[in-house]
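Okay, structure first, notes after.
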2 protein chains.
Amino acid sequence: MSKDRPYSALVHRLKTAGLRPTRQRLALAKLLFESPGGDDRHITAEQLHAEALGESVRVSLATVYNSLHQFTEAGLLREVVVEPGRSYFDTNVSDHHHFYFEDSGELQDIPGEHVQMESLPAAPAGTRVARVDVIIRLSGD
Amino acid sequence: MSKDRPYSALVHRLKTAGLRPTRQRLALAKLLFESPGGDDRHITAEQLHAEALGESVRVSLATVYNSLHQFTEAGLLREVVVEPGRSYFDTNVSDHHHFYFEDSGELQDIPGEHVQMESLPAAPAGTRVARVDVIIRLSGD
DNA sequence: TCAACGAATTAGAATAGTTCTAATGTGTAG
DNA sequence: CTACACATTAGAACTATTCTAATTCGTTGA
């Protein structure tokens with residue numbers, strides 16, 4: 001407890017997650033969580049990388065991947081796979097599901113109350129449910 | 001209507017789907033639908049290719065991909081994406097969902113009655129629901 | 001039966017997304 | 001301030017998939 005003055009919420013968030021708040025991780029976290037709509041973003045690694053470069057944040061693609069995975073492991077993000085070779089990271093980690101627009105490739109949260117499982121089958125012996133993914137795939141009318 | 005004698009169910013199935021029953025497509029369809037457990041197989045393109053080669057069926061990987069996609073479009077198969085770079089083709093096209101064993105990478109059908117949506121949200125204007133995917137991800141106890 | 005045409009197959013190159021490697025740089029505990 | 005573990009990097013490598021252009025095959029009609 002010494003120089004904790006410019007101790008932003010992001011720094012705290014990273015430290016709490018056991019991640020050193022490096023320049024790159026802070027910049028990426030800022031883009032992810034402090035953009036408008038930051039509690040409901042769906043972004044790919046490439047998109048985030050492009051966004052960072054656009055903001056003149058020097059960061060390699062490898063670091064973007066590393067950080068996204070670390071954030072995901074730490075529970076700060078959630079990964080949603082919609083197609084082979086297209087996986088999104090969602091800043092909303094609460095219990096909710098997704099609309100996937102097959103035509104545009106966009107992903108959208110469904111407010112949590114709207115979809116509920118009527119009865120989850122029991123997990124087979126020796127396993128536990130890590131997550132339940134529900135994706136409602138939409139195509140043009 | 002001339003020489004329709006050795007007109008196997010598979011040939012019929014392909015023709016009905018608008019696909020010419022070529023040697024390769026027939027061989028792949030046979031592996032997919034007439035193996036033990038053929039109404040509940042989960043297989044990747046690479047696996048099917050290997051299986052075909054193992055049975056001395058000469059077929060290229062490109063054709064395996066083509067056929068799998070054509071079968072899927074025709075409603076004979078269903079594609080299930082579980083991880084970036086891992087997508088399965090399911091011979092069970094009825095309405096049902098999946099267990100995914102994260103440790104082994106295996107996919108397993110959940111009997112249809114066991115999971116039901118309590119209330120599906122309405123599809124946004126101008127779209128229709130193409131499919132609802134539910135994947136229950138399991139990890140070691 | 002066979003010619004001819006469109007459709008299917010092929011090997012291999014190309015692409016996309018992601019991970020790896022080994023060298024360099026950085027945050028932090030003491 | 002130093003030292004060391006951890007993080008970052010460019011670029012190569014890897015995996016899954018798609019594309020390309022040449023070849024082969026299935027079907028239709030005479």
Side-chain angles (χ1 to χ4, degrees), chain A residues 1-8 10-29 42-50 52-53 57-74 77 79-89 105 107, chain B residues 1-4 6-8 10-12 14-29 42-50 52-53 57-74 77 79-89 105 107:
Chain A
M1 272 186 210
S2 42
K3 45 172 175 171
D4 287 357
R5 227 75 43 58
Y7 202 83
S8 84
L10 281 182
V11 173
H12 180 70
R13 206 156 168 183
L14 291 180
K15 285 202 165 180
T16 301
L19 298 168
R20 296 207 323 208
T22 64
R23 183 172 52 76
Q24 291 87 340
R25 293 210 270 234
L26 276 170
L28 294 175
H42 301 94
I43 197 168
T44 65
E46 295 276 0
Q47 283 167 7
L48 183 57
H49 186 226
L53 297 187
V57 174
R58 278 179 31 271
V59 62
S60 72
L61 186 54
T63 295
V64 172
Y65 275 103
N66 288 340
S67 300
L68 286 173
H69 288 144
Q70 290 152 354
F71 291 0
T72 300
E73 267 181 60
L77 290 176
E79 189 171 5
V80 184
V81 188
V82 289
E83 286 181 17
R86 180 172 238 153
S87 118
Y88 283 101
F89 292 87
L107 198 66
Chain B
M1 279 206 195
S2 45
K3 44 172 178 172
D4 289 355
Y7 202 86
S8 83
L10 281 183
V11 173
H12 181 69
L14 290 180
K15 285 202 165 180
T16 301
L19 297 169
R20 300 215 310 216
T22 63
R23 182 173 52 77
Q24 290 86 343
R25 292 209 272 233
L26 275 170
L28 294 175
H42 301 94
I43 197 169
T44 65
E46 294 277 359
Q47 283 167 6
L48 182 58
H49 187 226
L53 297 187
V57 175
R58 277 178 30 270
V59 62
S60 72
L61 185 55
T63 295
V64 172
Y65 274 103
N66 288 340
S67 302
L68 285 173
H69 287 143
Q70 290 152 355
F71 292 0
T72 301
E73 268 181 59
L77 289 177
E79 189 172 4
V80 185
V81 189
V82 290
E83 285 182 15
R86 179 172 239 151
S87 117
Y88 284 100
F89 292 86
L107 197 65

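Throughout, a chain's letter reflects where its sequence line sits, starting with A, and its residues are numbered from 1.
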Quiz item: Given C/dG17, is OP1 or OP2 found less than 4.0 Å from the side-chain N or O atoms of A/S87?
Solution: no
Quiz item: Whole-Å distance between C/dA11 C1' and B/N66 CG?
Solution: 13 Å
Exercise. Go through the steps to decide whether B/V59 and B/H49 satisfy the test side-chain contact (heavy atoms from CB on, under 4.5 Å), and finish with yes or no.
Key: CA-CA 7 Å; B/V59 62; B/H49 187 226; 4.2 Å; yes
Quiz item: Would you say C/dT18 has OP1 or OP2 under 4.0 Å from some side-chain N or O of A/H69?
Solution: no
Quiz prompt | Residue whose nearest DNA chain C nucleotide is more 5′ - B/S60 or B/P84 | solution = B/S60
Practice problem: Round to a whole Å and report the spacing from CG of B/L19 to C1' of C/dA8. | Solution: 11 Å
Self-check item: Between C/dT9 (P) and B/R23 (CZ): distance, integer Å
Solution: 9 Å
Quiz item: So which heavy atom on A/H42 is nearest to which on A/L107, and how close?
Solution: ND1-O, 3.4 Å
Practice problem: Send over the distance from A/R86 CZ to D/dT15 C1', rounded to a whole Å. | Solution: 19 Å
Quiz item: B/R20 or B/Y65: which one's nearest nucleotide on DNA chain D is closer to the 5' end?
Solution: B/Y65
Quiz item: Near B/E83 CD, under 6.0 Å, is it more than 12 heavy atoms from other residues, nucleotides or ligands?
Solution: yes
Practice problem: Let me see the working for A/Q24 and A/V57 under side-chain contact (heavy atoms from CB on, under 4.5 Å), right down to the final yes or no. | Solution: CA-CA 8 Å; A/Q24 291 87 340; A/V57 174; 5.9 Å; no
Self-check item: A/L68 CG - C/dG17 P separation (whole Å)
Solution: 14 Å
Self-check item: Student check: side-chain heavy atoms of B/V81 and A/V82 closer than 4.5 Å
Solution: no
Quiz prompt | DNA chain C: 5'-proximal contact among A/G85 and B/A62 (nearest heavy atom) | solution = B/A62
Quiz item: Given atom CD of B/E83 and atom P of D/dT17, what is their separation to the nearest angstrom?
Solution: 12 Å
Quiz item: So what does A/T63 touch, heavy atoms closer than 4.0 Å: a base, only the sugar-phosphate, or nothing?
Solution: base
Exercise. Indicate whether OP1 or OP2 belonging to D/dA16 is found under 4.0 Å from a side-chain N or O atom of B/T44.
Key: no
Quiz item: Starting at the 5' end of DNA chain D and moving along, which residue's nearest nucleotide shows up first, B/E79 or A/L61?
Solution: A/L61
Practice problem: Determine, step by step, whether A/F71 and A/R25 satisfy the side-chain contact (heavy atoms from CB on, under 4.5 Å) criterion, reporting the C-alpha distance in whole Å, the side-chain angles of both residues, the deciding distance to 0.1 Å, and the verdict. | Solution: CA-CA 9 Å; A/F71 291 0; A/R25 293 210 270 234; 4.2 Å; yes
Self-check item: Global bending angle along the helix from C/dT1-D/dA30 to C/dG30-D/dC1, which compares the axes of five pairs at either end, to 10 degrees
Solution: 30°
Quiz item: Looking at A/T44, A/T72, A/L48, which one forms a side chain to side chain contact (heavy atoms under 4.5 Å, CB included) with A/F89?
Solution: A/T72
Practice problem: Check every strand shown and say whether A/R25 touches a base, only sugar-phosphate, or nothing at a heavy-atom separation below 4.0 Å. | Solution: sugar-phosphate
Quiz item: Does the side-chain contact (heavy atoms from CB on, under 4.5 Å) test come out yes or no for B/L28 and B/V64, once each step is laid out?
Solution: CA-CA 8 Å; B/L28 294 175; B/V64 172; 4.3 Å; yes
Quiz item: Rounded to whole angstroms, how far apart are NE2 on B/H49 and C1' on C/dA11?
Solution: 11 Å
Quiz item: OP1 or OP2 of D/dT9 sitting under 4.0 Å from any side-chain N/O of A/Q24?
Solution: yes
Practice problem: In whole angstrom, give the distance that lies between atom CZ of B/F71 and atom P of C/dA8. | Solution: 11 Å
